[in-house]
Every structure is written in structure tokens, then in C-alpha cells.
Amino acid sequence: MKLPGWLADVPGEQPYPLVFATVSGAHLYGFPSVDSDVDLRGVHVLPVEEVAGLRHGPETLERMWTRDGVEVDLVTHDLAKFCRLLLGRNGYVLEQLLSPLVVTSSPLHEELVALAPGCLTRHHAHHYLGFARTQWRLFTKSGELKPLLYTFRVLATGTHLMRTGELEADLTRLYEYGPAYLPDLVTAKREAEHGPAPSVPGLEADVERMTGELERARDGSALPERASAADALHDLVVRARTRGPLTSLVADPAAGPAAGPAAG
């Protein structure tokens with residue numbers, strides 16, 4: 001599914017300058033359907049007067065709208081909050097930061113990407129194990145294909161991360177970690193966002209096997225116990241707030257994407 005070209009206009013419509021905006025969700029995970037919404041995620045920068053005084057600006061901004069029949073879900077965090085999340089073993093924000101589907105970028109975005117390896121720890125496995133349990137429960141209640149694919153996706157992403165130190169969110173690049181029927185499930189998901197899951201023998205056993213593989217990969221991972229990028233992220237936030245014109249550090253909406261395509 002091709003992403004709409006007008007996504008490049010979105011950064012310039014926001015109340016605060018953006019460090020980056022990327023596409024997450026099903027488009028990033030490799031199984032968007034014809035009726036999938038577009039999940040935009042990013043980072044904004046609050047000016048110093050909105051963080052140093054008595055009135056604090058919004059740490060998180062959320063907006064949903066529909067354009068040309070496409071539903072867009074935009075969530076951005078202030079830079080400081082995003083960095084705290086990065087240091088909190090949050091695989092979700094790492095996937096947003098490293099998404100190859102870049103709508104807008106900036107020098108600060110490039111610095112954050114360069115610091116991402118220093119945020120990785122073996123404890124990111126807990127994020128993926130917890131996310132998988134939540135999605136599996138949703139699947140057992142609803143029978144929908146979407147949470148089932150999310151279950152497989154996060155287990156495969158987590159295992160790959162623990163074994164290689166590389167973050168890969170696209171399930172279609174991780175088939176080696178899952179059962180042979182995964183490509184068929186992806187094909188079915190692309191036809192409808194909320195369709196029922198087909199009947200698959202041995203489904204629960206496959207999820208249990210992949211869960212065990214992630215746990216073993218965590219236990220044997222070469223990733224460190226603690227993140228090493230905290231000081232560098234602190235310095236980055238201070239510099240973004242206090243040094244030089246903010247426009248030199250964040251995205252220029254008129255310039256378009258700087259680190260990747262806006263459409264995939």
C-alpha cells in the first residue's frame with residue numbers, strides 16, 4: 001500500500017517544530033491493509049519558556065483526522081519525554097526513531113539515530129514479551145487476524161534484536177523466526193484491517209515456541225544490562241533547548257524528507 005504524498009505537508013501544520021516524523025504501525029510492520037490508517041509518530045521541541053517557568057507545554061500531542069479517505073493518527077512527544085522513553089527500555093519508541101518510512105528529518109533526528117545503539121539493552125525483551133502477551137489475549141477474545149499478526153511480529157522482532165542487536169520491525173523480513181504459514185496470514189491481513197483469523201492448526205504451540213525462543217535469546221544476549229547513552233541524550237536535550245536558533249536543529253518542513261522516503 002503506497003503512502004499518500006501529502007504526508008509531507010503534515011510537519012509544517014504542527015504547533016511546535018518537529019525533530020522527526022515517521023510512519024509506524026502496520027505500514028512499518030509489513031502488513032498494511034487496503035483500509036489501514038496511517039500512524040505518524042514523532043518528536044516535537046517545546047521552547048525554553050514552556051519548560052523553565054510555571055506553565056509547562058504539552059509533553060505529548062495527539063491528533064486524528066481523515067484526508068482523502070485516509071485516517072491519520074499523529075502522536076508526538078516532546079524531546080525530553082521521548083529521550084526518557086528511549087532510556088526506559090521502550091522498543092516502541094525505538095521503532096519509531098529507526099523507522100525507514102521517514103516523513104521529515106533533521107540534524108537532531110540524525111543524532112538520535114546515532115545514539116540509538118547506546119539505548120539498547122537485553123531488558124528490551126521484557127517490552128516485546130509483554131506486548132506479545134497483550135496481543136495474544138486480544139486475539140483469543142476477538143479472533144481477529146490483526147492481534148495475531150502483532151503477536152508474531154513482536155516475538156520475531158524481539159528475538160532478532162536479542163540475537164543480533166539490530167531492530168527490525170518488518171515481519172516480512174523475519175519469517176525465519178516464525179511458522180511457515182506466516183506469509184499466508186500477512187496476505188490475508190492486507191485484504192482487510194479487521195478480518196477474522198483463518199483456522200491454523202498448532203497456533204498456540206507456535207506462539208509458545210516463539211515466546212520460549214525470545215526468552216532464551218534474552219538470557220543469552222550480548223546486549224548490555226544498562227543503556228550507555230543517558231549523558232549524551234541529556235546533553236542533546238539541553239542543546240536543543242538553549243543553544244542557537246532552534247530552526248537549525250529541527251526539521252524544515254519546506255525541505256521535505258531528509259533521511260528517507262515519505263512513501264513506501
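Throughout, numbering of the chain's residues begins at 1 and tracks the sequence.
- Under the 4.5 Å side-chain contact rule for hydrophobic residues, V113 and L233 share a cluster.
- With no hydrogens or angles considered, no side-chain donor-acceptor pair links T159 and R163 at under 3.5 Å.
- A donor-acceptor pair under 3.5 Å is absent between the side-chain atoms of R218 and the main chain of H124, judged by distance alone.
- Crowding of D219 atom CG: a count of heavy atoms from other residues, nucleotides or ligands under 6.0 Å exceeding 12.
- In this structure, the side chains of P4 and D68 stay at 4.5 Å or more apart for every pair of heavy atoms.
- With contacts defined as side-chain heavy-atom distances shorter than 4.5 Å, the pair R55/E50 does not qualify.
- The two residues A132 and L155 come nearest to each other via the heavy atoms CB-CD2, 3.6 Å.
- There is a path of hydrophobic side-chain contacts, each under 4.5 Å, that joins Y92 to L223.
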N/O donor to acceptor pairs below 3.5 angstrom from side-chain atoms of residues 167-183, sequence neighbours left out:
residue, atom, partner, partner atom, Å
E168, OE2, D170, N, 3.0
D170, OD1, T172, N, 2.9
D170, OD1, T172, OG1, 2.6
D170, OD2, T172, OG1, 3.4
Y177, OH, H160, ND1, 2.8
Y181, OH, D206, OD2, 2.7

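- Within a 6.0 Å sphere centred on NE2 of H126, heavy atoms belonging to other residues, nucleotides or ligands number more than 12.
- Checked against salt bridge (charged side-chain N to carboxylate O under 4.0 Å, His left out), R122 has the following partners two or more places apart in sequence or in another chain: E225.
- You'll find the ring centres of F139 and Y150 outside the 6.0 Å limit.
- In terms of heavy-atom proximity, L94 sits nearest to A116 at CD2-CB, 4.1 Å.
- Scanning both residues, P15 and L61, for their nearest heavy atoms gives CG-CD1, 3.9 Å.
- Tracing side-chain contacts under 4.5 Å through hydrophobic residues (I, L, V, M, F, W, Y), one never reaches L138 starting from L148; they form parts of separate clusters.
- Side-chain atoms of V51 and R241, non-hydrogen and from C-beta on, do get closer than 4.5 Å to each other.
- With contacts defined as side-chain heavy-atom distances shorter than 4.5 Å, the pair V200/L185 qualifies.
- In plain terms, the two heavy atoms of P224 and L120 that are nearest each other are CG-O, 3.5 Å.
- The shortest distance between side-chain heavy atoms of R67 and D9 falls below 4.5 Å.
- Side chain of R41 to main chain of D73: a donor-acceptor pair is present (N/O by atom type, distance under 3.5 Å, no hydrogens or angles).
- The heavy-atom pair separating T140 from R137 by the smallest distance is OG1-O, 2.8 Å.
- Here the side chain of T121 pairs no donor or acceptor atom with the backbone of A227 at under 3.5 angstrom.
- Under a hydrophobic-cluster definition in which Ile, Leu, Val, Met, Phe, Trp and Tyr are linked whenever side-chain heavy atoms come within less than 4.5 Å, directly or via other members, F82 and V75 are assigned to different clusters.
- With sequence neighbours left out, N90 forms a side chain to side chain donor-acceptor pair (under 3.5 Å) with no residue at all.
- Put simply, the residue from L3, V38, L40, T22 that forms a side-chain contact (heavy atoms from CB on, under 4.5 Å) with V103 is L40.
- To the nearest 0.5 Å, atoms NZ (K146) and CZ (R153) are separated by 12.0 Å.
- When all heavy atoms of L86 and C119 are compared, the closest pair comes out as O-CB, 3.9 Å.
- The backbone N or O of Q96 lies less than 3.5 Å from no partner atom in the side chain of S99, so there is not a single donor-acceptor pair.
- Counting heavy atoms from C-beta on, the side chains of L112 and V19 come closer than 4.5 Å.
- In this structure a side-chain-to-backbone donor-acceptor pair under 3.5 Å is present from H109 to L97.
- Formation of a donor-acceptor pair under 3.5 Å by the S36 side chain with backbone atoms of S33 is found in this model.
- In this structure, OG in S106 is found 9.0 Å from CG in L18, a value given to the nearest 0.5 Å.
- Side-chain contact between Y29 and S24 is present, with at least one heavy-atom pair separated by less than 4.5 Å.
- Evaluation of the side chain to side chain donor-acceptor pair (under 3.5 Å) rule for T76 yields H44 as partners, not counting sequence neighbours.
- In this structure, R63 forms a cation-pi arrangement with W65, its terminal cationic atom sitting closer than 6.0 Å to the ring centre and no more than 45° off the ring axis.
- The closest side-chain heavy-atom distance from L74 to Q14 is below 4.5 Å.
- Under the rule for a salt bridge (charged side-chain N to carboxylate O under 4.0 Å, His left out), R133 has no partner lying at least two apart in sequence or in another chain.
- Under the rule for a salt bridge (charged side-chain N to carboxylate O under 4.0 Å, His left out), K81 has no partner lying at least two apart in sequence or in another chain.
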